[in-house]
**Q** 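Just passing along the structure, written as structure tokens.
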Amino acid sequence: MLEKTFDPKTVEPRLYAQWEASGAFAPTDDPNAEPFSIVIPPPNVTGSLHIGHALNNTLQDVLIRFERMRGKAALWLPGTDHAGIATQMVVERQLAAEGNVGRRDLGRDEFVAKVWEWKAKSGGTIVNQLRRLGASCDWSRERFTLDDGLSAAVRKVFVQLYREQLIYRDKRLVNWDPFFQTAISDLEVEQKEVDGHYWHLAYPLEDGSGEIVVATTRPETMLGDAAVAVHPDDERYRGLVGKNVRLPIVGRLIPIVADDYADPEKGSGAVKITPAHDFNDFQVGKRHKLPQINILDPFARVNENAPEAYRGLDRFVARKKVVEAFEALGLLRGIEKTRHMVPHGDRSGVVIEPYLTDQWYVDAHTLAQPAIKAVEEGDTVFEPRNWEKTYFEWLRNIEPWCISRQLWWGHRIPAWYGPDGHIFVAESEGEVKAAARERYGRDEPLAQDEDVLDTWFSSGLWPFSTLGWPEETSDLKRFYPTHTLVTGFDIIFFWVARMMMMGLHFQDRVPFKRVFINALIRDEKGQKMSKSKGNVMDPLELVDAYGCDALRFTLTAMSGQARDIKLSRQRIEGYRNFGTKLWNAARFCQMNECLRVEGFDPGAVGQTLNRWIRGETVKTAHEVTRALEACAFDDAANALYRFIWNVFCDWHLELAKPILNGDDEAAKAETRATTAWVLDVILKLLHPVTPFITEELWDKLAEFGGPPRAAGEAQLITARWPDLPLAWIDVDAESEIGLIVGAVGEGRSVRSELNVPPSARPHLIVVDASAEQQAIFQANAAVIASTLRVGGVRFEAAAPHGAIAFVVDGATLALPVAEFIDLSAEKARLAKEVGVLAADVERTAKKLGNPDFVARAKEEVVEETRERLAEAEAAKAKLEAALRRLVAAD
RNA sequence: GGGCGGCUAGCUCAGUUGGUCAGAGCACCUGGUUUACACCCAGGGGGUCGGGGGUUCGAGCCCCUCGCCGCCCACCA
């Protein structure tokens, strides 16, 4: 016997181990099976599972389990990302906490060794947490972005792109993070609005004839000014172009140049130009061949290019000092408060400096073109489709991608420098040495580039590097391109676009056919979850509290294609209850010996109830299949919820009770077998979403009786997905059950409305019904008696005095309960019902009276409307008759 | 400045190509020891579908416009 309740805590670990041990997570080796692959968005090794991961991975698991059951060679390839900056930061912090040593004290090799140590110890956390979600990844194929194979892929890609001149070295302004002392890409910069000032600074003209005023939010950059620009058409400054100003504090003479970049509408119309510290000024500087004066060191302290008094000062200290100096010189012309956008490092949180350095760049523009085309042509489809616009927008305006990072944790750039500065790029040091020998005629010392690659460079190769590339592996052949990528919109640029570029360039085919963009989870108030707000929901804590299935079902049901999911515990509790409901339904089946029958053919059942539930099951199976094929996860979950609770439990099991408790042995046997069959189908359909409870019931129900499961169906995880014929939908059974459900539903409603005591057991009187309807009522008297809680069904020409009358499918029914009810209340009720129907009749008649409607609307709509009118009129007439009798009797 | 979402019952949201589409869950109210289930059963109240205009025989659903709310990108000396 099944236990009274489902106990996730003991079942989940047991079943997960059982699945894994059975090899169910690996793709079938059946060579005829169609491949279906998903690569996991590799979580950072530093991470721990948050609710966003829970959603993202649940959806992937739903897809994989679904396709696995459909007989495909389903591969969900797991792994983790080395997460350059994030991991380096974690280990540096740990070092600092332990013994106050910095990474520079340790030296590069020792530090990197420390990070690997940390990875060995803590890097498995998130992966183990994924198991607790029930994720059916093929762990035998787990990869890490820094493992040997993936590192080889990275080197090969770098070298090839370099040889194709799609990777190059360039000196230009980068986004510099002074906290980490590294360059970062545009995407790693967050613009934040902060309070600031405009300082209006006066620069005296060289000839003493006056001054020119410029405004700036970063006064310290004036130490690196190379010019003042004015618009060529600006009358105010026409005479000044070509003259020099003497830069205060610094004393340097700088020219006044005419450039369109200066906007006469802004400030004074004159703008200071600092080519080495501002992206726009850099361009202006190039046009006018201005010197690029870098005044900051990597820590954003003022360097030796500035006057002595400023050297070594932090940029913000220098800012203050520059302003003070201008004030002292009498050259400060004003200060305005302002709120403006300032770039910040997304990891460090500090203000980013545009900084002039040599870095490695990818020619993203060239790589982007095929990536754009592939989506335009539908080789890869975004779901929802709208995100394609975002994707296009970014790729069409893409800038060179800065891929070098001045960090130690990551893929070291495979470039070496000779004594003459010549750059050697090759996959191995051996090749480099050979090339150097050839160039110099002897062995010369070579220095490898100190930098590592942007983490996203290796992530961009993930869909093929994980499958073994650059080796020509059978996995690569079989599983590339992958089928669906499930990810969040926040990394469309960082990751999706880069995989598209790299996949197309190196495999000539898109890396995935479909990209499903999942929503972002927020708390119940719609706030983004964050540690500082304290509104973080820990998925593992939720799993502990409600069970994994409850969390998974909740996330699936709420994964509609909107942008946000507002998650609340209450919601999860509701879906936990759903699991309990299913569990109890299974217990009911077991108690009533609803066991599977060898060779049972659902297509051959004769009982109306069984033909009906068979059809409902077929409809549900088709809806769930359609929904999962379309990534409409919420539709699948909702269809199952409704079917299981509101159809199977509320009606089928209730209507089955009289049969199961009756003495028609043939009907009983058929109903038991049918019910067992429906339960089996339910477990299958539900398994991708709630794998644990369904597998547990599947296993337990087999244990407790019935013939052995079919071959290959010993475990639900690898059982066959139901593919049921639509011909099993039986419209006659539907209308019969519809009549019963309608009569019972309406009967319950009127009983409750008129406060008939629950203990009362009147008969249901069928007053006026067609011959078929009478037959149905006759045949289902027992069922009606138990569900409507009446003594039985009787057929009479007229309702007894004082009976409650109601109309179902055109049939007049009555409940003789005069002794319990207030007749005036019944009169009022009838009058109200008549009123409602009268309004409906009037509205519908008016519509039909409109010649335009009859002439222009589709024929079937007009016909439908006519039928509706006829039905409403008939029902109204019957209730009016009932009302008249009631009044007349008084 | 450009783009994308959203605004439907107290709350969270469904509403496929315009024609019972005004729905669900939760919350609330009223009943209930019906031998699967109180994590349950039965019943019930509640919304002029953000405002305005238009197209149409007919509009949450299409068009225009306005208003909020949110996000992304770019930029502001």
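Chain identifiers are assigned alphabetically (A, B, ...) following the order of the sequence lines, protein sequences preceding nucleic acid strands; residue numbering begins at 1 within each chain.
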**Q** Please report whether the ring centroid of A:Phe516 lies less than 6.0 Å from that of A:Phe633.
**A** yes

**Q** Could you check which of B:C76, B:A36, B:G25 has an atom nearest any side-chain atom of A:Cys649?
**A** B:A36

**Q** Output yes when a side-chain donor or acceptor of A:Asp549 lies under 3.5 Å from a complementary backbone atom of A:Ile693, and no otherwise.
**A** yes

**Q** For B:G18 versus B:G60, give the span between their P atoms, rounded off to a whole number of Å.
**A** 13 Å

**Q** With heavy atoms under 4.0 Å as the rule, sort A:Gln570 into base, sugar-phosphate or nothing.
**A** sugar-phosphate

**Q** Looking only at atom C1', what distance separates B:G47 and B:A74, rounded to whole Å?
**A** 41 Å

**Q** Quickly work out the A:Phe553 CZ to B:G25 C1' distance and round it to whole Å.
**A** 11 Å

**Q** B:C4, B:G32, B:U12: which one has an atom nearest the side-chain heavy atoms of A:Lys389?
**A** B:C4

**Q** Over all strands shown, is A:Arg571 touching base, sugar-phosphate only, or nothing at heavy-atom distances under 4.0 angstrom?
**A** base

**Q** Report yes or no: is the cationic atom of A:Arg396 (NZ for Lys, CZ for Arg) closer than 6.0 Å to the six-membered ring centre of A:Phe392, at no more than 45° off its axis?
**A** yes

**Q** What is the separation between atom CD on A:Glu399 and atom C1' on B:C75, rounded to the nearest whole Å?
**A** 13 Å

**Q** Which of residues 588-595 of chain A sit near RNA chain B, with a heavy atom under 4.0 Å from it?
**A** A:Phe588, A:Met591

**Q** So, A:Asp634 and A:Ser559: side-chain donor and acceptor under 3.5 Å apart, yes or no?
**A** no

**Q** Under the side chain to side chain contact (heavy atoms under 4.5 Å, CB included) test against A:Val515, which residue among A:Phe382, A:Trp387, A:Phe489 passes?
**A** A:Phe382

**Q** When the C1' atoms of B:G53 and B:G67 are compared, how many Å lie between them, rounded to an integer?
**A** 15 Å

**Q** Between the main-chain N or O of A:Glu393 and the side-chain N or O of A:Asn397, is there a donor-acceptor pair closer than 3.5 Å?
**A** yes

**Q** What distance, rounded to whole Å, do you find between the two C1' atoms, one in B:A14 and one in B:C76?
**A** 43 Å

**Q** Checking all strands, does A:Ala262 fall into the base, sugar-phosphate, or nothing category for heavy-atom contacts under 4.0 angstrom?
**A** base

**Q** Please give the distance between the P atoms of B:U48 and B:G10 as a whole number of Å.
**A** 8 Å

**Q** So that I know where these two stand, are A:Tyr575 and A:Tyr641 an aromatic pair - ring centroids less than 6.0 Å apart?
**A** yes

**Q** Give a yes/no answer on whether the side chain of A:Asn850 brings an N or O atom under 4.0 Å of OP1 or OP2 in B:G58.
**A** no

**Q** If you measure from the P atom in B:C61 to the same atom in B:A9, how many Å do you get, rounded?
**A** 15 Å

**Q** Rounding to an integer number of Å, can you tell me how far A:Asp490 CG sits from B:G5 C1'?
**A** 15 Å

**Q** Would you write out the dot-bracket form of RNA chain B, 5' to 3', with Watson-Crick and G-U pairs under 3.5 Å, [ ] for crossing pairs, | for pairs to other strands and . for unpaired bases?
**A** (((((((..((((.....[...)))).(((((.......))))).....(((((..]....))))))))))))....

**Q** Centroid-to-centroid, A:Trp199 to A:Phe326, below 6.0 Å?
**A** no

**Q** Given the P atoms of B:C40 and B:C49, what is the spacing between them in whole Å?
**A** 33 Å

**Q** Should A:His340 and A:Val194 be marked as a side-chain contact (heavy atoms from CB on, under 4.5 Å) after you check the CA-CA gap, both sets of side-chain angles, and the distance that decides it?
**A** CA-CA 6 Å; A:His340 62 142; A:Val194 299; 4.2 Å; yes

**Q** Give A:Ser786 one of three labels, base, sugar-phosphate or nothing, depending on what nucleic acid heavy atoms sit under 4.0 Å from its own.
**A** nothing

**Q** By nearest heavy atom, map A:Val189 and A:Ala229 onto RNA chain B; which one lands nearer the 5' end?
**A** A:Val189

**Q** Classify A:Arg868 by what it touches in the nucleic acid, base, sugar-phosphate, or nothing, heavy-atom distance under 4.0 Å.
**A** base

**Q** Tell me the interatomic distance from A:Asn280, atom CG, to B:A74, atom P, rounded to whole angstroms.
**A** 13 Å

**Q** Pick the C1' atom in B:U35 and in B:C41, then give their distance to the nearest Å.
**A** 14 Å

**Q** Under a 90° cut-off about 0 for the syn range, is B:G32 syn or anti?
**A** anti

**Q** Closest approach to the side chain of A:Phe489, judged atom by atom: which nucleotide of B:A27, B:C71, B:C76 is it?
**A** B:C71

**Q** According to a strict under-4.0 Å criterion, is A:Ser749 in side-chain N/O contact with OP1 or OP2 of B:G44?
**A** yes

**Q** Is the ring pair A:Phe578/A:Phe553 parallel, tilted or perpendicular, if the boundaries are 30 and 60 degrees?
**A** tilted

**Q** Can you give me the N/O atom pairs linking the protein to nucleotides 37-41 of chain B at distances under 3.5 Å, or say none if there are none?
**A**
residue: B:C37; atom: O4'; partner: A:Asn584; partner atom: OD1; Å: 3.3
residue: B:C37; atom: O4'; partner: A:Asn584; partner atom: ND2; Å: 3.4
residue: B:C37; atom: O2'; partner: A:Asn584; partner atom: ND2; Å: 3.2
residue: B:C37; atom: O2; partner: A:Lys581; partner atom: NZ; Å: 3.0
residue: B:C37; atom: N3; partner: A:Lys581; partner atom: NZ; Å: 2.9
residue: B:C39; atom: O4'; partner: A:Asn577; partner atom: OD1; Å: 3.1
residue: B:C39; atom: O2; partner: A:Arg576; partner atom: NE; Å: 2.8
residue: B:C39; atom: O2; partner: A:Asn577; partner atom: OD1; Å: 3.1
residue: B:C39; atom: O2; partner: A:Thr580; partner atom: OG1; Å: 2.7
residue: B:C40; atom: OP1; partner: A:Asn577; partner atom: ND2; Å: 3.2
residue: B:C40; atom: O3'; partner: A:Lys581; partner atom: NZ; Å: 3.3
residue: B:C41; atom: OP1; partner: A:Lys581; partner atom: NZ; Å: 2.8
residue: B:C41; atom: OP1; partner: A:Trp645; partner atom: NE1; Å: 2.6

**Q** For the residue pair A:Asp263 and A:His231, confirm or rule out a side-chain donor-acceptor distance under 3.5 Å.
**A** no

**Q** Quickly work out the A:Phe282 CZ to B:C75 P distance and round it to whole Å.
**A** 15 Å

**Q** To the side chain of A:Phe493, which of B:G43, B:C73, B:G5 is closest?
**A** B:C73

**Q** So, A:Lys272 and A:Thr221: side-chain donor and acceptor under 3.5 Å apart, yes or no?
**A** yes

**Q** Taking A:Ser752 for its side chain and A:Arg748 for its backbone only, find out whether a donor-acceptor pair lies under 3.5 Å.
**A** no

**Q** For A:Asp634 and B:U12, what is the distance between atoms CG and P respectively, to the nearest whole Å?
**A** 18 Å

**Q** Just by modelled atom types, is the A:Pro757 backbone N or O under 3.5 Å from a matching donor or acceptor in the A:Arg751 side chain?
**A** yes

